[in-house]
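Bear in mind the structure is a predicted one, so any value in this text is a computation, not a measurement. The first residue in the sequence is number 1, and the count goes up from there. Indexing begins at 1, ligand by ligand and atom by atom, following the structure's order.
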Amino acid sequence: MAAVDAPVCVDELSVRDISVILSGLSNDVVIPERFMVKEALRPSLSLLPSSDLPVIDLAPMLASPHGSAGGRADVVSALTRAAKEWGFFQVVNHGVPIELLERMASSGHDFFCLPTEQKEKGAGSNFLDGYAGKSRMVKDVGCMWLEGITLRSILAEPSAEQFANRVWPSGNPTFCDAVSEVGRELEALKNSILGLLAEGLGLPTDFFTRPFEELKAAGQPNAGADLRLNFYPACAQPSLALGTMAHTDPTLMTLLYQDTGYGLQILGKDGSSWHLVDYKRDGIIIFVNDVLQGWSNGVLQAGIHRVVLNRDRHRLSFLLSSRPPSELLIQPACTMDGEYCPPRYRPFTFGEYIAATSEYGHLPPENGRKGIDIYAGISS
Ligand SMILES: O=C(O)CCC(=O)C(=O)O
Ligand SMILES: [Fe+2]
């Protein structure tokens, strides 16, 4: 590529164009100002994954799902400790086929490499419905450097098919099959993990799953598993921009797969150090979310996370977000392991809480306090 006098501003170019420009122009490429997040939020790009982040092997569970073998107790205590301390852990040997995870990621890449006009056919009514490009401005922060697809209630509704029929002239059965298989697998894994965490807290195994089943049996339609695919194009100035700002997810639990590392960071207990999550080919990353923090009376902590960018590579992630029914009344579990602790949260319904998050899709932490604590915490 020819030398240039003025810096080239990279904005809404296609994914392929960005790669070509970045490899040819090195430091002459700048990003548009609206993507430069305010100074206090700019990421320090720690390049080494943190070795102290919890990685938990679920093989003992697969070998003996209901058994009382020692391995199960060890898994329960490792998961519970990680969910209390980090609100985050990565599981391996979980039984979800790697081939399926990679097939979903590859279908996602196929979509994000399409021309912008074609991707925009998949846009829905807001940024959490169908395709949303890189234009969402977060007030007082800047625009986030990501594109995404959100498909609602994938286990109950043909949302993937409706999306694919808008984007591709003859639909896309490969994409749709991957969505429904991934949805079923991650939903089953989520229920197992919720059961193990309940046991770890001394609660009945079905404590966090039974209300979902009851509401489903009563024909309650708005509970669901939503699938989101996130795509973070390579960014010429990764130290100035963010893929997503620091947040906790507002739902019950998130299960996430990443196709490369060097992106997702977790905030440590000290409230200031960011830890880079290592890529594991068969890793599934689990977040405790706001509802689970409130429901467990703050014993489990929602994991604060954000996404930083890479200069020379794109990154894709997809996640299943477990969304309770709007009517679910979240009343903190006060008695665990036979011991009573007064409620630290007022009861709230999921519908009320999600309505409070609508501007960003989550309640941002403020002055070291998480959104859920600001919203429903009882100050002592
Ligand atoms: O892409 C990632 O690793 C995280 C995405 C995320 O935090 C989200 O979509 O809520
Ligand atoms: Fe998130």
Original post:
Name of the D249 N, O or S atom nearest the Fe ion (ligand 2)?
Top reply: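 Result for D249 and the Fe ion (ligand 2): OD1.
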Atom indices of ligand 1, in the order listed, that fall short of 4.0 Å to a heavy atom of [X]:
X    : answer
D249 : 10 (O)
Y232 : 1 (O), 2 (C), 4 (C), 5 (C)
V307 : 1 (O), 2 (C), 3 (O), 4 (C)

[X] to ligand 1, any heavy atom closer than 4.0 Å:
X    : value
R306 : no
Q258 : no
F287 : no

Subject >> Contact partition for I285 relative to ligand 1, non-hydrogen atoms under 4.0 Å >> reply: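 No part of I285 is near ligand 1 at this cut-off.
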[X] side-chain N/O to [Y] backbone N/O, donor-acceptor pair under 3.5 Å:
X    : Y    : answer
R42  : V37  : yes
T357 : I354 : yes
R311 : A236 : yes

Original post:
Is NZ or CZ of R346 both nearer than 6.0 Å to the six-membered ring centre of Y375 and within 45° of the ring axis?
Top reply: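 Yes, R346 sits over the ring of Y375.
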Subject >> CA sep, side-chain torsions, deciding dist, call: R210, E214, salt bridge (charged side-chain N to carboxylate O under 4.0 Å, His left out) >> reply: CA-CA 6 Å; R210 195 185 53 239; E214 286 171 359; 3.5 Å; yes
Original post:
If the Fe ion (ligand 2) is the vertex, what is the angle to NE2 of H247 and NE2 of H305, rounded to 10 degrees?
Top reply: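 About 90°, to the nearest ten degrees.
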If you have a sec, work out which protein heavy atom is nearest [atom] and how many Å separate them, to one decimal?
atom                   : value
atom 9 (O) of ligand 1 : N230 ND2, 3.1 Å
atom 8 (C) of ligand 1 : L319 CD2, 3.7 Å
atom 3 (O) of ligand 1 : R315 NH2, 2.8 Å

Original post:
Is the gap between the ring centers of H305 and F88 under 6.0 Å?
Top reply: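 No, ring centres 6.0 Å or more apart.
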Original post:
Does T244 reach ligand 1 with a nitrogen or oxygen that is under 3.5 Å from one of the ligand's nitrogen or oxygen atoms?
Top reply: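 No: no nitrogen or oxygen of T244 is under 3.5 Å from one in ligand 1.
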Original post:
Side-chain contact, heavy-atom cut-off 4.5 Å: Y232 with S317?
Top reply: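 Side chain of Y232 against side chain of S317, heavy atoms only: contact under 4.5 Å found.
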**OP:** Check the angle between the aromatic planes of H109 and F231 and answer parallel, tilted or perpendicular using the 30° and 60° thresholds.
**Re:**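 Correct class here is perpendicular.
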Subject >> Closest approach of I31 to M36 (non-hydrogen atoms, all atoms of both residues) >> reply: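 Between these two residues, the closest heavy atoms are O-CE, 3.3 Å.
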